[in-house]
Amino acid sequence: MKTLTRKFYKRDPVQVAKDLLGKILVYRMNHEEISGRIVETEAYVENDIASKTLSRRKVFGQLTSQNCGTTFIYMVHGNWLLNIIAHPKGGMGGVLIRAIEPIRGIETMKKNRNVENQRNLTSGPGKLTKALAITNELNKTDVARIDAKIAIIEDDPATFEIGSSHRIGVTHDLPQELRFFIKANRYVSKP
DNA sequence: AGGAAGATCTACT
DNA sequence: GTAGATCTTCCTA
């Protein structure tokens, strides 16, 4: 079990989004460790940030920072969305974590979400932040640090097929497909 | 003040 | 499976 290094995040956001699939997201709470496998991501690239929709949001300026490998958390429709800043040197971009497959701390997640259906627990960007109790207090957390509250670690290399599609809910999407997910995984928000 | 937003829940057909 | 209400923050007028 190894934490992903900062170098991992200093690459093309699209590549990072694909490579994050299958990795384990760990949230270290006070006395408990909650974890889940990342099964769905979306890439946010330079063109997005320049787009009209996104420039409305001041917070996106954070994506242009140098802080690769830190969290970027913002609120949309009453949900917190968890992103990891990732881009080559001098560029801008990030990766949105859209869904995870619960591994540890499932009872805590159920309590946070107030639902019993495990499949419905973390199968969406707003759902997973609620399940892990992630709020903007954790904005700018450095996930490349070994002792960070939120960490992303390697797992045994798993074999799975990566599917792709256009992003979900985006009103001004780009021509290319920037959403990636593990095929045939039940925790993907939308197949 | 008003609206829109990279979403979700609930209640139906 | 789809439709409508509701969520909170930020932008525009």
Side-chain angles (χ1 to χ4, degrees), chain A residues 9 12-21 25 27 34 36 38-65 70-87 91-102 106 108-141 143 150 152 162-182 184-191:
Chain A
Y9 302 101
D12 178 9
V14 173
Q15 195 58 50
V16 175
K18 286 184 194 170
D19 289 347
L20 277 177
L21 293 174
L25 176 72
Y27 177 37
I34 302 179
I38 297 172
V39 298
E40 185 177 347
T41 59
E42 274 178 9
Y44 288 86
V45 295
E46 196 154 346
N47 289 350
D48 274 323
I49 297 151
S51 87
K52 203 171 178 186
T53 318
L54 290 191
S55 56
R56 295 179 79 240
R57 297 181 162 277
K58 236 187 217 164
V59 285
F60 267 80
Q62 205 184 124
L63 288 178
T64 68
S65 68
T70 61
T71 59
F72 166 44
I73 299 171
Y74 65 99
M75 167 75 74
V76 167
H77 287 73
N79 303 288
W80 294 108
L81 285 294
L82 173 64
N83 299 255
I84 311 291
I85 295 176
H87 55 73
M92 51 177 80
V95 176
L96 168 69
I97 312 293
R98 279 196 61 88
I100 63 174
E101 172 187 342
I106 291 176
T108 303
M109 294 192 214
K110 282 183 178 171
K111 212 176 74 190
N112 289 341
R113 289 266 296 129
N114 198 24
V115 295
E116 279 303 311
N117 185 350
Q118 190 175 134
R119 190 180 167 190
N120 194 23
L121 215 47
T122 54
S123 56
K127 295 180 193 175
L128 77 88
T129 52
K130 200 177 226 175
L132 303 199
I134 290 176
T135 69
N136 62 338
E137 285 175 28
L138 291 163
N139 196 14
K140 297 184 180 169
T141 301
V143 299
I150 301 177
I152 299 179
I162 294 179
S164 69
S165 78
H166 282 96
R167 290 172 297 184
I168 293 180
V170 182
T171 48
H172 304 282
D173 203 3
L174 298 175
Q176 65 261 49
E177 299 190 329
L178 292 173
R179 170 175 173 257
F180 307 101
F181 54 91
I182 296 181
N185 187 290
R186 297 186 311 148
Y187 297 93
V188 171
S189 67
K190 209 175 152 194

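Hydrogens, waters and symmetry mates play no part in the numbers below; they use all other heavy atoms, side chains included. Chain A is the first sequence line, chain B the second, and so forth, proteins listed ahead of strands; every chain is numbered from 1.
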*Closest approach of A:Leu63 and A:His87, non-hydrogen atoms and distance?*
O-CD2, 3.5 Å
_Please report the distance, rounded to the nearest Å, between NZ in A:Lys130 and C1' in B:dA7._
11 Å
_Between P on B:dA5 and CE on A:Met75, what's the gap in Å once rounded to a whole number?_
17 Å
*For atom CG of A:Asp173 and atom P of B:dA7, their distance in whole Å*: 11 Å
*For the pair made of CD1 in A:Ile73 and P in C:dT8, what is the distance, rounded to whole Å?*
17 Å
*Does CG in A:Asn117 sit with more than 12 non-hydrogen atoms of other residues, nucleotides or ligands closer than 6.0 Å?*
yes
*To the nearest angstrom, how far is A:Ile168 atom CD1 from B:dA7 atom P?*
8 Å
*Evaluate the side-chain hydrogen bond (donor to acceptor under 3.5 Å, both in side chains) criterion for residues A:Arg98 and A:Thr41: first the C-alpha distance (whole Å), next the side-chain angles of each, then the deciding distance (0.1 Å), finally the verdict.*
CA-CA 5 Å; A:Arg98 279 196 61 88; A:Thr41 59; over 6 Å; no
*Between B:dA7, B:dA5, B:dC9, which nucleotide has the shortest distance from any of its atoms to the side chain of A:Lys127?*
B:dC9
*For the side chain of A:Leu81, starting at C-beta, report the closest nucleotide among B:dA7, B:dT8, B:dA5.*
B:dA7
*asked:* Wobble G-U and Watson-Crick pairs count when both distances are under 3.5 Å; given that, what is the 5' to 3' dot-bracket string of DNA chain B, with | for pairing to other strands?
replied: |||||.||||||.
_Reference residue A:Lys127; test side-chain hydrogen bond (donor to acceptor under 3.5 Å, both in side chains); the match among A:Thr122, A:Asn120, A:Asn79_ = A:Asn120
*Given atom CZ of A:Arg119 and atom P of B:dT8, what is their separation to the nearest angstrom?*
15 Å
*Is the side chain of A:Thr71 donor-acceptor paired with the backbone N or O of A:Thr141 at a distance under 3.5 Å, no angle test?*
yes
*Where is the tightest heavy-atom contact between A:Asn112 and A:Leu132, given as atom of each residue plus distance?*
ND2-C, 4.2 Å
*May I ask you to verify if any side-chain N or O of A:Arg113 is less than 4.0 angstrom from the OP1 or OP2 atom of B:dT8?*
no
*asked:* Can you identify which nucleotide, out of B:dC9, B:dA7, C:dT9, has its nearest atom closest to the A:Asn120 side chain?
replied: B:dC9
_Rounded to whole Å, how long is the line connecting atom CG of A:Leu121 with atom C1' of B:dT8?_
14 Å
*Where the side chain of A:His77 is defined as all heavy atoms beyond and including C-beta, which of B:dA5, C:dT9, B:dT8 is the nearest nucleotide?*
B:dA5
*Provide, to the nearest angstrom, the distance between the CH2 atom belonging to A:Trp80 and the C1' atom belonging to B:dA7.*
14 Å
_Has A:Arg113 got a side-chain atom pairing as donor or acceptor with A:Leu121's backbone, closer than 3.5 angstrom?_
yes
